Student: 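This is the structure I want to talk about, given as structure tokens.
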Amino acid sequence: MNWPLVKLSDVVEVNPRPPKGINSSQQVSFIGMASASNEGFLLNEEMRVLSDTKKGFTYFEKSDVLLAKITPCFENGKCLRANQISKPIGFGSTEFHVLRVNPVKVDSTYLFYIVWSDQFRLLGEASMSGAAGQKRVSAKFLKEFKFPLPPLVEQKRIAAILDKADSIRRKRKQAIQFADEFRHAVFLDMFGDPVTNPKGLNKLPITELADVITGYAFKSSEYVDCSQDAVRLCRGTNTLTGHFDWSDTVYWPKNRLDDLESYLLSTGDVVLALDRPWISSGLKVCVFKENDLPTYLVQRVARLRPKEPAHSAYIYGCIKASAFERHCCPTETTVPHISPIELKSFQILIPEPRLLNKFHAVAVKTERHIGMLASSACESDAFFRSLAKKTFSGQL
């Protein structure tokens, strides 16, 4: 059913001011930008006295929805569902917009799913203004934004459906994360922490074990539909933590692949997203499988091809280690990007071939399990996105 569209400012208060006469000695929940996950959940909070936070920070209440306004936090889905802080009142980063619903008209969970949706983020990103790396979604955009508003009881029904679908999606992703963490634990046990190097192994650039290239600049305006005459393209959006997600896939005509053979992915290639590579589940890096379709690499995605097949799992483990994040030094307030120079200069430990082969055997078994989990996770993620899209268009 198509529900009537309403302007957000007619039913939601945007960035409300603190009430007069508020008790300045009371404790409040303090929320930094890093405290909100890309999945909409509170990661941690700090208790502060209101008088120490009322100036220079954003005021909100427990029932409010928080939305990051600055790039890349907004595009990454930094948002906070209502009713998660411990105290009735909170203060936080000035880079949050605060959305306070009229509870008679709007369900806060329903509103969260609207502003957390892919469709809303695309509109918000297009509206951003400001200098590069400091672009923001304006309060004016939020106030003028129109969204479908069914009756309150129907909003709660829709929110409950999305909650259940989102829970299934997250649990399946967590299962992949646990399997990936097991593999990393084996890596640390066999080779030691690359930062402290307790086993005293030699260090050399990662290019000693892998050939590294970045993808080709395929023009998005020339993408084609999926067919026998097209090949799949691997973008940053397809590269997730430990697995690929092909729910949003683009294609390129086979008759336009001259001189592009070097960008064709092969079994065992380690694929790394270079733009916004760190998400809530970890680094966007995975290993290409032999059962995947012919796939070519797009720009801003890197391919590390092992010089020996048995090195694939080890190279993946090196990129996943905390030493790589320290090497790249990502930040919250600028668009995170890994440059090809940074990647190629990354120093890794060089173990004995015997240990590399032993680790490879363990990793192969784990990878089979992750592959089965990833297939299930992609299905549940596609189902959730379909429901969210229907909600945004007023058809759920």
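Please read all numbers here as calculations on a predicted model, not as lab measurements.
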Student: Heavy-atom count check: over 12 atoms from other residues, nucleotides or ligands less than 6.0 Å from N102 CG?
Tutor: yes
Student: Should the pair D64-R100 be classified as a salt bridge under the 4.0 Å nitrogen-to-oxygen rule?
Tutor: yes
Student: Would you mind checking if D381 and K173 are paired as a salt bridge, meaning a charged N to carboxylate O distance below 4.0 Å?
Tutor: yes
Student: Are V65 and I89 connected, step by step, through hydrophobic side chains (Ile, Leu, Val, Met, Phe, Trp, Tyr) whose heavy atoms are closer than 4.5 Å?
Tutor: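 No, it is not one cluster - the side chains of V65 and I89 are not joined through contacts under 4.5 Å.
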Student: Inspect the contact between E154 and K156 and indicate whether a charged nitrogen and a carboxylate oxygen are less than 4.0 angstrom apart.
Tutor: no
Student: Can you list the residues that meet the side chain to side chain contact (heavy atoms under 4.5 Å, CB included) rule with N38, with sequence neighbours excluded?
Tutor: N76, K78, I279, S280
Student: Aromatic rings F141 and F120: how do their planes relate, parallel, tilted or perpendicular, breaks at 30° and 60°?
Tutor: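 Geometry flag for F120 against F141: tilted rings.
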Student: Once you measure the plane-to-plane angle for F112 and W116, does it fall in the parallel (<30°), tilted (30-60°) or perpendicular (>60°) bin?
Tutor: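 Rings of F112 and W116: parallel, under 30°.
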Student: Just checking K389: does its NZ atom have more than 12 heavy atoms from other residues, nucleotides or ligands closer to it than 6.0 angstrom?
Tutor: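 For K389, atom NZ is not crowded (no more than 12 foreign heavy atoms under 6.0 Å).
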Student: Taking only Lys NZ, Arg NE, NH1 and NH2, and the carboxylate oxygens of Asp or Glu, determine whether K135 and E125 approach each other closer than 4.0 Å.
Tutor: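 Looking at E125 together with K135, the answer is no, because their closest N to O distance does not fall below 4.0 Å.
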Student: Does the pair R256/E222 count as a salt bridge with the N-to-O cut at 4.0 Å?
Tutor: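 The answer is yes: the pair qualifies as a salt bridge.
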Student: Is the closest basic N to carboxylate O distance between R81 and E39 below 4.0 Å?
Tutor: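 No, this pair does not count.
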Student: Kindly give the heavy-atom pair with the smallest separation between L204 and E208, and that separation in Å.
Tutor: CB-CG, 3.6 Å
Student: Taking 4.0 angstrom as the limit, do D229 and K254 come out as a salt bridge?
Tutor: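 Not counted as a salt bridge, because no side-chain N and carboxylate O are separated by less than 4.0 Å.
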Student: Got more than 12 heavy atoms from elsewhere within 6.0 Å of CG, D259?
Tutor: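 No.
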Student: Within 45° of the six-membered ring axis of F30 and under 6.0 Å from that ring's centre, is NZ or CZ of R48 located there?
Tutor: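 Yes, cation above the ring, under 6.0 Å and within 45°.
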Student: Run the side-chain donor-acceptor check on residues 7-16: report pairs under 3.5 Å with partners two or more places apart or on a different chain.
Tutor:
unit_1, atom_1, unit_2, atom_2, d
S9, OG, K143, O, 3.0
N15, OD1, V98, N, 2.8
N15, ND2, H97, ND1, 3.1

Student: Do H311 and Y314 have ring centres separated by under 6.0 Å?
Tutor: no
Student: Please report the C-alpha distance between D211 and R305 in whole Å, then the side-chain angles of each, then the deciding distance to 0.1 Å, and finally whether the salt bridge (Lys or Arg N to Asp or Glu O under 4.0 Å) criterion is met.
Tutor: CA-CA 5 Å; D211 294 318; R305 177 163 295 166; over 6 Å; no
Student: In this structure, is the centre-to-centre distance between the rings of F346 and F324 below 6.0 Å?
Tutor: yes
Student: Name the one of Y216, Y296, Y263, F218 that satisfies ring-ring contact (aromatic ring centres under 6.0 Å, His included) with W252?
Tutor: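 Testing each of Y216, Y296, Y263, F218 against W252, the sole residue satisfying ring-ring contact (aromatic ring centres under 6.0 Å, His included) is F218.
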Student: How far apart are the closest heavy atoms of A217 and Q299, and which atoms are they?
Tutor: CB-OE1, 3.5 Å
Student: Assess the residue pair F182 and F178 against the criterion (ring-ring contact (aromatic ring centres under 6.0 Å, His included)); give the C-alpha distance rounded to whole Å, side-chain angles, the decisive distance to 0.1 Å, and a yes or no.
Tutor: CA-CA 6 Å; F182 167 76; F178 291 150; over 10 Å; no
Student: Below 30° counts as parallel, above 60° as perpendicular, anything between as tilted: where do the rings of Y110 and F147 land?
Tutor: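 Because their plane-to-plane angle lies in the 30° to 60° range, the rings of Y110 and F147 count as tilted.
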